[in-house]
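The structure appears right after this line, and notes come after that.
What you are looking at is a predicted structure, and each value in this text was computed from that prediction instead of being measured. Reckoned from all heavy atoms, side chains included, excluding hydrogens, waters and symmetry mates.
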Amino acid sequence: RGLGDVYRRQVSTQSTWDLIKDMDKKPVRKFFVGGNWKSNGSIEFVKSHLTGVINKIEIAPEKLEVMVSPIYLHLPLVKEMLSPKVILAAQNMSPFGKGPYTGEISADQLKDFGIKWAIVGHSERRSHFLESDERIAQKVVEAQKEGISVVLCIGEKIEEREAGKTWEVCKRQLDAVLSKKVDWKPIVIAYEPVWAIGTGKVATPEQAQEVHALIRKWLNDSVGPLAAQETRIIYGGSVDDKNCAILIGQLDIDGFLVGGASLKPGFTTIVKSCTDCKKQSSRMNI
């Protein structure tokens, strides 16, 4: 189900690009593809996947960034073996600094180990570990204290979409981070409808584009035109090698956060869909 009148009222009457059409031409947003390995993989699998798939991916650095995110235990091994063209990220991080926080890894500890990216706000953290919008926003603050960039995940549950609350939920999650007065330059926003994560269900290209356009309009109105132009908004939710090409063709989709498919050889195809995408000319001056 689409966003209907809410989307048409906020976006269709004035496109995202028209909102800030008087700005000087800026560089193209690089595509961004992240592989979230979640709680998967053994040492043997990691070695095989890196040598057989990840390190063989052709990456055009002027057009694309690729990230992989293994479990904490595998970070040292992946760091040792990973191609320098691929970003290494943590799947999570503490909302606190180092100290009496059993089981947590702080941003300064990630930095000390050489990790420059982390995923925050994934729906599995929100649901299984009851992380609130406030807690996730605080993680962004802690990350930025240490110069760590984040992939900030947002998205609605199926009952929220069916109740017509998709944008209400996404905006609430974004507003929590906005309230912390953070720098949006080192943030990649990942829209991941919860009902599409690991279910085999995928938002239609139109559904995904609706929300991505609203996020970009929110950035323009709440943060500023430059943030709207430069911030990458990626899609996640059962992305695979079969649906990636049609999704990346949408105007406001700047890449993907990939779960299960990032553990398979088809991850190469997902990355290639961004490399081959021809929509660059329309992204030059929003």
Side-chain angles (χ1 to χ4, degrees), residues 29-40 54 59 64-72 75 78 82 86-95 105 107 110-111 114-127 129 131 133 135-156 170 173-174 176-178 180 182-194 196-198 208 211-212 215-216 218-219 223 227 230-239 244 247-248 252-263 267 270-271 274:
R29 293 188 302 277
K30 287 185 181 181
F31 290 110
F32 189 98
V33 179
N36 178 13
W37 294 359
K38 304 189 179 184
S39 189
N40 289 299
I54 301 300
I59 299 172
L64 173 72
E65 288 184 301
V66 177
M67 178 193 86
V68 295
S69 188
I71 63 172
Y72 284 134
L75 284 173
V78 177
L82 189 63
V86 182
I87 296 167
L88 178 59
Q91 292 181 14
N92 186 34
M93 53 162 281
S94 174
I105 296 180
L110 290 175
K111 178 183 178 181
I115 302 299
K116 299 179 180 179
W117 283 80
I119 299 172
V120 299
H122 194 280
S123 66
E124 291 159 3
R125 300 297 311 177
R126 294 178 188 265
S127 60
F129 302 97
E131 293 188 358
D133 296 338
R135 177 60 56 89
I136 290 159
Q138 188 58 40
K139 290 186 179 188
V140 178
V141 172
E142 288 296 316
Q144 294 199 347
K145 286 180 182 178
E146 302 300 333
I148 293 177
S149 299
V150 302
V151 176
L152 170 64
C153 301
I154 65 170
E156 82 284 3
C170 291
Q173 294 167 345
L174 290 167
V177 179
L178 180 70
K180 301 297 184 182
V182 300
D183 180 2
W184 289 84
K185 289 181 181 178
I187 296 175
V188 170
I189 299 173
Y191 169 59
E192 295 196 298
V194 180
I197 298 174
V211 180
H212 280 237
I215 294 169
R216 204 169 300 286
W218 177 89
L219 284 165
V223 184
E230 294 185 344
T231 302
R232 289 172 291 183
I233 308 170
I234 62 178
Y235 173 77
S238 297
V239 176
C244 55
L247 285 164
I248 200 61
D252 287 290
I253 296 180
D254 298 319
F256 303 112
L257 184 59
V258 187
S262 68
L263 300 166
F267 187 62
I270 297 172
V271 173
C274 294

> What residues, two or more places apart in sequence or in another chain, satisfy side chain to side chain contact (heavy atoms under 4.5 Å, CB included) together with Ile71?
Replying inline: Leu73, His74, Gln91
> Is there a side-chain contact between Val78 and Trp37 (heavy atoms, below 4.5 Å)?
Replying inline: yes
>> Please check this pair: side chain of Lys38 against backbone of Gly260, looking for a donor-acceptor N/O pair closer than 3.5 Å.
In response: no
> Looking only at heavy atoms, which two atoms of Leu82 and Val86 are closest? And how far apart?
Replying inline: CD2-O, 3.4 Å
> If you measure from NE2 on His212 to CG on Leu247, what distance do you get to the nearest 0.5 Å?
Replying inline: 8.5 Å
> About how many Å separate CH2 of Trp184 and CG of Leu219, when rounded to the nearest 0.5 Å?
Replying inline: 6.5 Å
> Does any non-hydrogen side-chain atom of Val223 lie less than 4.5 Å from one of Thr231?
Replying inline: no
> For atom NZ of Lys185, is the number of surrounding heavy atoms from other residues, nucleotides or ligands below 6.0 Å larger than 12?
Replying inline: no
>> Minimum heavy-atom separation for Lys139 and Met93, please, with both atom names.
In response: CE-O, 3.0 Å
For residues 144-155, please give each side-chain donor-acceptor pair under 3.5 Å, one per line with the distance, not counting sequence neighbours.
{"from": "Gln144", "atom 1": "OE1", "to": "Asp183", "atom 2": "N", "distance (Å)": "2.9"}
{"from": "Gln144", "atom 1": "NE2", "to": "Asp183", "atom 2": "O", "distance (Å)": "2.6"}
{"from": "Lys145", "atom 1": "NZ", "to": "Glu142", "atom 2": "OE2", "distance (Å)": "3.0"}

> Which residues satisfy the salt bridge (Lys or Arg N to Asp or Glu O under 4.0 Å) test with Glu156, sequence neighbours excluded?
Replying inline: Arg161
>> A side-chain contact here means heavy atoms from C-beta on lying under 4.5 Å apart; do Tyr72 and Ile115 qualify?
In response: no
> Does any non-hydrogen side-chain atom of Glu124 lie less than 4.5 Å from one of Ile197?
Replying inline: yes
> Shortest non-hydrogen contact from Cys244 to Val239?
Replying inline: CB-CG1, 4.3 Å
> Counting only N and O atoms by type, is there a donor-acceptor contact under 3.5 Å from the side chain of Asp254 to the main-chain atoms of Ile233?
Replying inline: yes
>> Restricting to non-hydrogen atoms, name the atom on Ser69 and the atom on Ala89 that form the minimum distance, rounded to 0.1 Å.
In response: OG-O, 3.1 Å
>> Just so I know, are the side chains of Phe256 and Cys274 near enough to count as touching, which here means a heavy-atom distance under 4.5 Å?
In response: yes
> About how many Å separate OG of Ser262 and CE of Met67, when rounded to the nearest 0.5 Å?
Replying inline: 9.0 Å
> Hey, does Val194 have a side-chain heavy atom less than 4.5 Å from the side chain of Ser127?
Replying inline: no
> Which value, rounded to the nearest 0.5 Å, describes the distance between Phe31 atom CZ and Ile234 atom CD1?
Replying inline: 12.0 Å
>> Is there a side-chain contact (heavy atoms from CB on, under 4.5 Å) between Ile87 and Lys116? Walk through the geometry before answering.
In response: CA-CA 8 Å; Ile87 296 167; Lys116 299 179 180 179; over 6 Å; no
> What pair of heavy atoms forms the shortest contact from Pro193 to Tyr235, and how long is it?
Replying inline: CD-CE1, 3.6 Å
>> As an exercise, state the distance from CG of Asn92 to CZ of Phe129, rounded to the nearest 0.5 Å.
In response: 8.5 Å
> Which heavy atom in Ser238 sits nearest to a heavy atom in Ala196, and how many Å separate them?
Replying inline: OG-O, 2.6 Å
> Atom CG of Leu110 and atom CG of Leu75: how far apart are they, to the nearest 0.5 Å?
Replying inline: 7.5 Å
>> Quick test of your reading of the model: are Arg125 and Glu131 salt-bridged, counting only N-O distances below 4.0 Å?
In response: yes
>> Quick one, Phe32 with Leu257, criterion side-chain contact (heavy atoms from CB on, under 4.5 Å). Give me CA distance, side-chain angles, the key distance, then yes/no.
In response: CA-CA 8 Å; Phe32 189 98; Leu257 184 59; 5.9 Å; no
